[in-house]
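Because only heavy atoms are used, hydrogens play no part in the values below, and waters and symmetry mates are left out as well, while side chains stay in. Throughout, protein chains are lettered first and strands after them, A, B, ... in sequence-line order, and every chain is numbered starting at 1.
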2 protein chains.
Amino acid sequence: MSHMRYCCLMAVDRDHVLRTAAALLTRKSTATMDEVAKAAGISRATLHRHFAGRDALVRALESLGIAECESALDAARLDEGPARDAVHRLVREIEPAAGLLAFLYTENQLFEGEQQNIGWARIDDRIAALFRRGQQSGEFRIDLSPVWLTEALYGLLGSAAWVVAEGRVARNDFTHMIVELLLGGALRHHTTGQREES
Amino acid sequence: MSHMRYCCLMAVDRDHVLRTAAALLTRKSTATMDEVAKAAGISRATLHRHFAGRDALVRALESLGIAECESALDAARLDEGPARDAVHRLVREIEPAAGLLAFLYTENQLFEGEQQNIGWARIDDRIAALFRRGQQSGEFRIDLSPVWLTEALYGLLGSAAWVVAEGRVARNDFTHMIVELLLGGALRHHTTGQREES
DNA sequence: CGCATGTGAGACATTGATGTCTCATTATGG
DNA sequence: CCATAATGAGACATCAATGTCTCACATGCG
């Protein structure tokens, strides 16, 4: 504690600003710097002191999103146990970041001159590796590529975050909805006469 | 003056402009009116003669998206045969519009003062009704609500359109990827018929 | 208490997109 | 061939967001 400096209100909680901005931009991706500042309870000037500009803010959000994603990946221990359980843990751990990820997912198109891209690539690889492990262990079907399964997971995370935010489904169902659909699909599998062929 | 009948057929192909704009905005949702005009091969002035402003353009795209969606819904004959086959037909029919839908899906947040909203609601209802029919017929599991299945379908359509546009999966796999994941899930099931070979 | 720091409020110029206008050009149809 | 109409090019004002700046205020610290 001795190394912490106690000043005035002490350098506006950067993390709080980022999370508020994430929550706002998730709902309204075109929100103004002024709106972001008001949402965070600070002035535009102060916001601009902490983040050089809108670009820097979005970059910071991207870094936050990557960090939270990797934390979730670590916490989910993707290498341990059945792959299906690892997927379940992953979705559970990543849920709090789903909104932010959904925002970044749509905003990323703007960053063609990538740089943080390596962070996303690393995350993609770790998730794809999980699906690949599940395929090799015989748990997952092999006609759906790990790349597609990874992307589909992103899409489902975004859809679920959206529909929960809209209040059209209960927040508690978040993990169940995604995991059950992603792993089991919409079809009933215990009924007789099930046939799958196209 | 009798309104323009069939005078100079120079009349810029409105549909072509819309589809070009859709393609561009799908890739870069912040594209300028000038960029849209250039992409469509017309001048900004002409673009502005046909669409009062950016708002009007996006509205027109929304109408186009709704129309294409409803055409797909009609062509898929959702009421006929097994629900799972209807889902397959739906995805196949809706594929060409997936990019446009993905764009509108993210852009819709801006339309809080809805008006076209009724169009989307009607589409939502028709798709949700399909999933409900599948549940009642015993084909689909009942622990995943039609609302969620509908939203999940949108998410998967968007993800698939994106990953195909990125060139990370083959365009030919579009329908298969979505239908198999949405209906069957990633898990291998020990039921008859599921593709598990090589 | 006085100093330093961080903040809020607001003025200001800048930038980029937009909407509107005019005018010349081209193509169409009678 | 001529009148009409649609287009392209560009000038122009407008507007909103941004980035930068100054100044006053509050609070922590010596």
Please state how far atom [atom1] in [X] lies from atom [atom2] in [N], giving the value in whole angstrom units.
X	N	atom1	atom2	answer
B:Leu47	C:dG19	CG	P	10 Å
B:Lys38	D:dG8	NZ	C1'	11 Å
B:Asp13	C:dA27	CG	C1'	17 Å
B:Arg49	C:dC21	CZ	C1'	10 Å
A:Phe51	D:dG19	CZ	C1'	16 Å

Exercise for the section: Answer yes when A:Asp74 and A:Arg126 have at least one side-chain N-carboxylate O distance shorter than 4.0 Å, and no when they do not. Expected result: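 Yes.
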Handout entry: Set of side chain to side chain contact (heavy atoms under 4.5 Å, CB included) partners for B:Pro82, sequence neighbours left out
Key = B:Arg84, B:Asp85, B:Glu139
Problem - Residues which pass side chain to side chain contact (heavy atoms under 4.5 Å, CB included) with B:Gln136, listed by chain and number, not counting sequence neighbours - result: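 Side chain to side chain contact (heavy atoms under 4.5 Å, CB included) check on B:Gln136 returns B:Arg132.
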Exercise for the section: Compare side-chain N and O positions of A:Ser43 against OP1 and OP2 of C:dT7 and report whether any pair is under 4.0 Å apart. Expected result: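 It does not, given that no N or O in the side chain of A:Ser43 lies less than 4.0 Å from OP1 or OP2 of C:dT7.
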Problem - For B:Glu68, side chain to side chain donor-acceptor pair (under 3.5 Å) partners two or more places apart - result: B:Arg19
Acceptor/donor pairs from residues 164-186 of chain A side chains to any protein atom, 3.5 angstrom cut, sequence neighbours excluded:
from     : atom 1 : to       : atom 2 : distance (Å)
A:Arg168 : NH2    : B:Glu151 : OE1    : 3.2
A:Glu180 : OE1    : B:Arg141 : NH2    : 2.6

Problem - Contact letters for nucleotides 10-18 of chain D, in which S counts primed atoms plus P, OP1 and OP2 and B counts the base, heavy atoms under 4.0 Å - result: -B-----SB
N/O donor to acceptor pairs below 3.5 angstrom from side-chain atoms of residues 37-44 of chain A, sequence neighbours left out:
from    : atom 1 : to      : atom 2 : distance (Å)
A:Lys38 : NZ     : A:Asp34 : OD2    : 2.8
A:Ser43 : OG     : A:Thr46 : N      : 3.2
A:Ser43 : OG     : A:Thr46 : OG1    : 3.1

